[in-house]
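So the structure is just underneath, and the comments pick up after that.
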Amino acid sequence: MPSLAALYSSSFARSARRSSLLLALSLVGAVIALPSTAQDTAAAQDPAAVERGFAVWKGQDCTGCHGWAGNGERIGENPTGPSLRAIEFPGDVIKEVVLCGRPGSDMPAHDPQAYTDDRCYGMTKADIAGQRLLKGKPMTADEANDLVAYLLDRVVGRPNQPNQDDCLAYYGEKKKRLCERYPTAESQGL
Ligand code: HEC
């Protein structure tokens with residue numbers, strides 16, 4: 001059970017705050033059987049891992065298809081990736097999708113060793129023979145862990161429209177004017 005402070009800082013806590021029952025339960029420190037997704041997003045992410053993960057996000061190929069804010073607004077003529085703000089998977093599932101891709105779709109595998117053994121969904125090359133498999137920019141397992149920390153902290157569960165803070169963090173102060181077109185974090189209740 002994460003500390004109350006950690007719960008408060010998480011996006012789950014923001015929705016939990018609206019539920020007085022959940023809030024009361026967490027105040028008395030009762031153990032709540034949260035579904036795994038909620039538990040994962042409730043867990044406070046290590047800030048250093050989140051920062052490293054942000055660097056991975058910016059340096060990888062994700063934004064081309066999922067958009068700089070992960071909301072599914074692809075850049076240029078890339079295939080369109082779904083919004084990552086709307087997903088409800090726990091971190092280990094996100095990590096597997098990132099490293100293993102989704103055979104048969106435009107979601108690339110980023111582990112260079114994917115499907116050389118059964119590390120990906122228990123499947124090998126023979127199992128996915130004939131299916132489309134894109135190869136993304138290579139990524140280590142450590143980078144994937146950091147990237148997942150970033151996604152859970154700043155992307156997953158956020159409103160689909162990015163806010164000014166997201167924009168400034170991604171593009172920097174030089175783009176302040178451009179970022180003003182987005183809503184403030186405050187107006188999103190963040
Ligand atoms: C070439 C385009 C492309 C790139 C690059 C790409 N994705 Fe995807 N991604 C997709 C598509 C298309 C899907 C939907 C796959 C399907 O139909 O199941 C997807 C699915 C996903 C999903 C599952 C979402 C869901 O709703 O099922 C996650 C998580 C994800 N991508 C994360 C990433 C991350 C993180 C990166 C960068 C490391 C990345 N993607 C790079 C196109 C891309």
Side-chain angles (χ1 to χ4, degrees), residues 10-12 15 34-125 127-163 165-167 169-172:
S10 72
S11 57
F12 174 75
S15 55
L34 298 171
S36 64
T37 310
Q39 231 164 25
D40 221 299
T41 48
Q45 304 300 318
D46 168 14
V50 171
E51 276 314 305
R52 290 193 304 268
F54 190 25
V56 176
W57 172 255
K58 287 190 283 192
Q60 258 289 345
D61 54 17
C62 325
T63 57
C65 303
H66 293 281
W68 66 266
N71 66 344
E73 286 178 19
R74 66 176 177 166
I75 298 171
E77 293 306 306
N78 284 296
T80 304
S83 172
L84 304 179
R85 293 177 163 247
I87 59 177
E88 294 186 349
F89 314 130
D92 53 348
V93 174
I94 299 175
K95 183 179 172 187
E96 192 167 33
V97 175
V98 169
L99 291 175
C100 301
R102 288 255 177 87
S105 85
D106 284 333
M107 174 62 196
H110 292 84
D111 177 354
Q113 304 300 318
Y115 308 102
T116 58
D117 52 26
D118 67 356
R119 70 182 69 190
C120 285
Y121 313 113
M123 298 194 299
T124 65
K125 281 200 174 86
D127 297 309
I128 59 164
Q131 289 191 54
R132 171 180 181 71
L133 179 69
L134 295 184
K135 291 208 165 191
K137 198 169 167 185
M139 191 189 304
T140 65
D142 284 346
E143 287 171 333
N145 286 333
D146 292 340
L147 180 58
V148 167
Y150 168 72
L151 290 172
L152 290 177
D153 196 67
R154 306 273 170 85
V155 176
V156 175
R158 290 292 181 97
N160 209 54
Q161 166 90 310
N163 61 43
D165 292 352
D166 298 331
C167 180
Y170 191 85
Y171 287 109

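Numbering of ligands and ligand atoms starts at 1, following listing order.
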| query | With the threshold set at 4.0 Å, does a side-chain nitrogen-carboxylate oxygen contact exist between Arg85 and Asp166? | reply | yes
| said: Between Glu143 and Thr140 (side chain of the first, backbone of the second, donor and acceptor by atom type, cut-off under 3.5 Å), is there such a pair? | reply: yes
| request: Quick one: sort the Trp68 and Tyr171 rings into parallel, tilted or perpendicular, breaks at 30° and 60°. | output: perpendicular
| task | Could you tell me the separation between the CG atom of Asp61 and the CD1 atom of Ile75, rounded to the nearest 0.5 Å? | result | 11.0 Å
| request: Determine yes or no for a side-chain-to-main-chain donor-acceptor pair under 3.5 angstrom, with His66 supplying the side chain and Pro82 the backbone. | output: yes
| query | Is there a side-chain contact between Lys125 and Leu133 (heavy atoms, below 4.5 Å)? | reply | no
| message | Just to verify, what does Arg102 make a side chain to side chain donor-acceptor pair (under 3.5 Å) with, not counting sequence neighbours? | response | none
| request: Report yes or no: does a heavy atom of Val56 sit under 4.0 Å from some atom of ligand 1? | output: no
| said: So which atom in Gly91 and which in Leu152 form the shortest heavy-atom distance, rounded to 0.1 Å? | reply: CA-CD1, 4.1 Å
| query | So do the side chains of Tyr115 and Asp127 get within less than 4.5 Å of each other, counting heavy atoms only? | reply | no
| Shortest protein heavy-atom distance from atom 5 (C) of ligand 1, along with the residue and atom involved | Asp61 O, 3.4 Å
| task | Determine whether any heavy atom of Met139 lies closer than 4.0 Å to an atom of ligand 1. | result | yes
| request: Quick one: look up the protein heavy atom nearest atom 26 (O) of ligand 1 and list residue, atom name and how far away it is. | output: Ile87 CG2, 3.4 Å
| task | Below 4.0 angstrom from a heavy atom of Leu147, which ligand 1 atoms are there? Numbered from 1 as shown, please. | result | 35 (C), 38 (C)
| message | Give me the residue, atom name and distance of the protein heavy atom closest to atom 17 (O) of ligand 1. | response | Ser105 CB, 3.7 Å
| Is a side-chain N or O of Glu96 found less than 3.5 angstrom from the main chain of Tyr121, in a donor-acceptor match? | yes
| In the protein, what heavy atom is nearest to atom 25 (C) of ligand 1, and what distance, to one decimal place, separates them? | Phe89 CE1, 3.7 Å
| Element-labelled atoms of ligand 1 that are located less than 4.0 Å from some non-hydrogen atom of Thr80 | 12 (C)
| said: So, at under 2.8 Å, which protein N, O or S atoms would a careful student list around atom 8 (Fe) of ligand 1? | reply: His66 NE2, Met107 SD
